[in-house]
Asks: 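Pasting a structure below so you can have a look.
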Amino acid sequence: VQLPAFLPGKNTIVISTNYLNRMEFEDCYLIGSFGVNANREITPLPQFLVNGDWCLQGLPHYAGTVTYHAEIPVPDKIRGKFFLSFDEISASVVGVSVNGNFVGDVFTECQRYIDISEFICAGESLNVDIDVVSSPRNLLGPFHQREGKTLNTNAGSFRCTGLKYSPEYHLHPYGVMGMIRLHQFG
């Protein structure tokens, strides 16, 4: 159901249903262009993100793609091959583009280097776009598993009782966590 635009001040949404004890309120989702703060209040969408977990920057339940932009200077004298490396990126998949050209996808941490030699021009900066794609895990849950990230998800993962349940939210961190570097070999 699409809601009307929020008005300045306090807005209230009333949901009415035949609620049962076995249901979690997480069975209902509010999706839109907004952020959420640490008190679980709706806030304006963050204008920019810095390196680190985007869950801690106002996007705790975001499922989709965030593009990080970087301008990297290239030396005046070049020879050999050039690669980009990533200290740490937490994502389902990462897409890399240089100067508007798609270079490739990074699927695992084993792919620490990506060859960008064909896009290098001596003395010119590289415009690098890193598309960090998350899974729907932080949007759809489960949120209350005591151990946080697990190898699999099943019906028991959404229970609100038992030894594996935690009242706190446990989210998967997403984002560019470290530096993006340019390397020259040869």
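This chain uses plain numbering: 1 for the first residue, then up along the sequence.
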Asks: Are V74 and Y113 connected in a single hydrophobic cluster, I mean Ile/Leu/Val/Met/Phe/Trp/Tyr linked by side-chain heavy atoms less than 4.5 Å apart?
Replies: no
Asks: So do P142 and R137 actually touch side chain to side chain, heavy atoms under 4.5 Å?
Replies: yes
Asks: List for me each residue that meets ring-ring contact (aromatic ring centres under 6.0 Å, His included) alongside F82, sequence neighbours excluded, and say none if there are none.
Replies: none
Asks: Side chain to side chain contact (heavy atoms under 4.5 Å, CB included) with V94: which of T65, I130, D105?
Replies: I130
Asks: Just by distance, with hydrogens left out, do D129 and H69 show a side-chain donor and acceptor under 3.5 Å apart?
Replies: yes
Asks: Can you list the steps and then say if D53 with M177 is a side-chain contact (heavy atoms from CB on, under 4.5 Å)?
Replies: CA-CA 7 Å; D53 182 3; M177 304 300 183; 4.0 Å; yes
Asks: Quick one: pull up CD1 in I72 and CG in N127 and give me the separation to the nearest 0.5 Å.
Replies: 9.5 Å
Asks: Main chain of L126, side chain of N99: is a donor-acceptor contact present, judged purely on distance under 3.5 Å?
Replies: no
Asks: What about the rings of H170 and F143, do their centers lie closer together than 6.0 Å?
Replies: no
Asks: Working to the nearest 0.5 Å, report the span between CG of D115 and CZ of F83.
Replies: 4.0 Å
Asks: Transitively linked via ILVMFWY side-chain contacts under 4.5 Å: Y174 with V93?
Replies: no
Asks: Quick one: does L171's side chain get under 4.5 Å of H61's, heavy atoms only?
Replies: yes
Asks: Do side-chain atoms of R79 reach the backbone of G186 as a donor and acceptor pair under 3.5 angstrom?
Replies: yes
Asks: Looking only at non-hydrogen atoms, find the nearest pair between A63 and L139 and report the distance.
Replies: CB-CB, 3.9 Å
Asks: Judged by modelled atom types alone, do H144 and S166 share a side-chain donor-acceptor pair under 3.5 Å?
Replies: no
Asks: Donor-acceptor check, side chain of S134 to backbone of G64, threshold 3.5 angstrom: yes or no?
Replies: yes
Asks: For a 4.5 angstrom cut-off between non-hydrogen side-chain atoms, does T153 reach F158?
Replies: yes
Asks: Decide whether N37 and T43 meet the rule of one side-chain donor and one side-chain acceptor closer than 3.5 Å.
Replies: no
Asks: Side-chain heavy atoms nearer than 4.5 Å, only ILVMFWY residues, links allowed to pass through others: does that put I78 and F119 together?
Replies: yes
Asks: When clusters are formed by joining ILVMFWY residues with side-chain heavy atoms under 4.5 Å apart, either directly or through shared neighbours, do L182 and I114 land in the same one?
Replies: yes
Asks: With hydrophobic residues grouped by side-chain heavy-atom distances under 4.5 Å, do V133 and V98 end up in a single group?
Replies: no
Asks: Nearest 0.5 Å please: distance from the CD atom of E124 over to the CG atom of D76.
Replies: 10.5 Å
Asks: Filter on salt bridge (charged side-chain N to carboxylate O under 4.0 Å, His left out), then keep only pairs touching residues 30-42, sequence neighbours left out; what's left?
Replies: none
